[in-house]
Amino acid sequence: MKKETSIKQAYDMAVERYAAIGVNVKEAIKQLQDISLSLHCWQTDDVTGFENQNGSLTGGIQVTGNYPGRARTIDEVRADILKATSLIAGKHRLSLHEIYGDFQGKKVDRNEVEPVHFKSWMEWAKENDMKLDFNSTSFSHPKSGNLTLANPDNTIRNFWIEHTKRCRWISNEMGKYQNDPCMLNIWIHDGSKEVPANRLKYRQILKKSLDEIFETRYENMKDCIEAKLFGIGLESYTVGSYDFYLGYGAKNNKIVTLDTGHFHLTESIADKVSSLLLFTPEIMLHVSRPVRWDSDHVVILNDDLLDLAREIVRCKAFSRVHIGLDYFDATINRIGAYVIGCRATQKAFLLALLEPSETLQQYEAEGRYFERLALQEELKSLPWSAVWDMFCLQNNVPVGEDYMSDIEKYEKEVTCKR
Ligand code: RNT
Ligand code: ZN
């Protein structure tokens, strides 16, 4: 039997099976089609960027591995992203860090960066029907140290304030150009290896810096603030902790970024969604995979991701949740890493969309807890993969494991020659 025919047959049977529990598969596919992920450009080149190709990655984050084929230039980054998106169904966004500016070989310090350095990115994105998101970059710089926006030394603090203000400006220009708000994520690593004698002091400084940064109102960008638990070499104290940013976000109407690697391992990130939706305007996600710590492993379809997707679907919160990815793996083919993570994220949302949530909620309202548990359990073995295959087929991207050979071919023909 032709592969296409068997995919269609399996799909038809799945449609019927899901209909029996009141799930409209076509509707689920339609909704999945509309979900845009925001791909993190930094998986292409191990968070190097174009400011300093030989500099080391600082800020308490680390990429392990030296798999051949890292993108070294703006053209290589772009080519790799297009290769990855050609293997992922749907329309997606691209999240850039400030260090990925098109600096044309000139030294542009972080406090000098301007929208013009992202003009070619904006044009490229438009040509490729992609929207951009943006990130300020406060790591991997001589003025980074352990404190940036929370630094008591005003020369350093003001340098980073200027950088972040400029990033908001760039972000706003991107949003204007693409006629769709650009999400600006602010993550700083500020913290210390040992317990500080004064925790409050640095948080007060960070609060003051953020107040100053956010003074200008923009129409075409949205501010997101990303919390963290700890970093490498910054194990005992993080100025921008979750409590700090949750408080700041709730009070100042800012979006809190939930990086799924930035919490204690037994903490449920899914459980945070409904609370944030009540007290902050929207949610930005950095979908990642911690293994023992914030290790930024390639995202896979695991229970944590499924819980998160289900929670977003149950809250009907697609219009308020932005799904960015954030991981960096240099031990395997980097484009392959992208594709695995993006497809896993889409699978999680598909599974969530195939849930008969109204029935489950009805059972709950009626106190029928056996039925609620039984149905949730049965859902695990329903033929969702037939729906996934159909989704890929309809989108003209490889079905199942077929994308592996595409990645291998690109490796042989392109990345291996770098
Ligand atoms: C670090 C944060 C942050 C970075 C990127 C590169 O722990 O998750 O989002 O990964 O900005
Ligand atoms: Zn992150």
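Scope of the values below: all heavy atoms of this structure, side chains included, with no hydrogens, waters or symmetry mates. Whatever order the structure lists them in is the order used to number ligands and atoms, beginning at 1.
- Glu212 places no side-chain N or O within 3.5 Å of a backbone atom of Ile161 that could act as its donor or acceptor partner.
- Protein atoms of type N/O/S that fall under 2.8 Å from the Zn ion (ligand 2) number 4 in this view.
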Inventory of protein N or O atoms under 3.5 Å from ligand 1 N or O:
unit_1: ligand 1; atom_1: 7 (O); unit_2: Lys228; atom_2: NZ; d: 2.8
unit_1: ligand 1; atom_1: 7 (O); unit_2: His262; atom_2: NE2; d: 2.9
unit_1: ligand 1; atom_1: 7 (O); unit_2: Asp294; atom_2: OD2; d: 3.3
unit_1: ligand 1; atom_1: 8 (O); unit_2: Glu226; atom_2: OE2; d: 2.9
unit_1: ligand 1; atom_1: 8 (O); unit_2: Asp259; atom_2: OD2; d: 2.9
unit_1: ligand 1; atom_1: 8 (O); unit_2: His262; atom_2: NE2; d: 3.0
unit_1: ligand 1; atom_1: 8 (O); unit_2: Asp326; atom_2: OD2; d: 2.8
unit_1: ligand 1; atom_1: 9 (O); unit_2: Glu226; atom_2: OE1; d: 2.7
unit_1: ligand 1; atom_1: 9 (O); unit_2: Glu226; atom_2: OE2; d: 3.1
unit_1: ligand 1; atom_1: 9 (O); unit_2: His286; atom_2: ND1; d: 3.2
unit_1: ligand 1; atom_1: 9 (O); unit_2: Asp326; atom_2: OD2; d: 3.0
unit_1: ligand 1; atom_1: 10 (O); unit_2: Asp326; atom_2: OD1; d: 3.1
unit_1: ligand 1; atom_1: 10 (O); unit_2: Asp326; atom_2: OD2; d: 2.7
unit_1: ligand 1; atom_1: 11 (O); unit_2: His97; atom_2: NE2; d: 2.6

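- Using modelled atom types, one side-chain atom of Tyr327 and one backbone atom of Ala337 make a donor-acceptor pair closer than 3.5 Å.
- Side chain to side chain, Asp75 and Thr73 fail the donor-acceptor criterion of an N or O pair below 3.5 Å.
- The salt bridge (Lys or Arg N to Asp or Glu O under 4.0 Å) test with Arg372 singles out one residue from Glu355, Glu364, Glu377, and that residue is Glu364.
- Screening residues 146-155 for side chain to side chain donor-acceptor pair (under 3.5 Å), with sequence neighbours left out, gives Thr148-Asp190, Asp153-Thr155, Asn154-Arg157.
- Between the side chain of Arg310 and the backbone N or O of Leu353 there is no donor-acceptor pair closer than 3.5 Å.
- Side chain to side chain, Asp294 and Ser288 fail the donor-acceptor criterion of an N or O pair below 3.5 Å.
- Of the charged side-chain nitrogens involved, none lies within less than 4.0 Å of a carboxylate oxygen, so that Asp133 and Lys222 do not count as a salt-bridged pair.
- Residue pairs meeting the ring pair (Phe, Tyr, Trp, His ring centres under 6.0 Å) criterion with at least one partner in residues 392-418, sequence neighbours excluded, do not occur; the list is empty.
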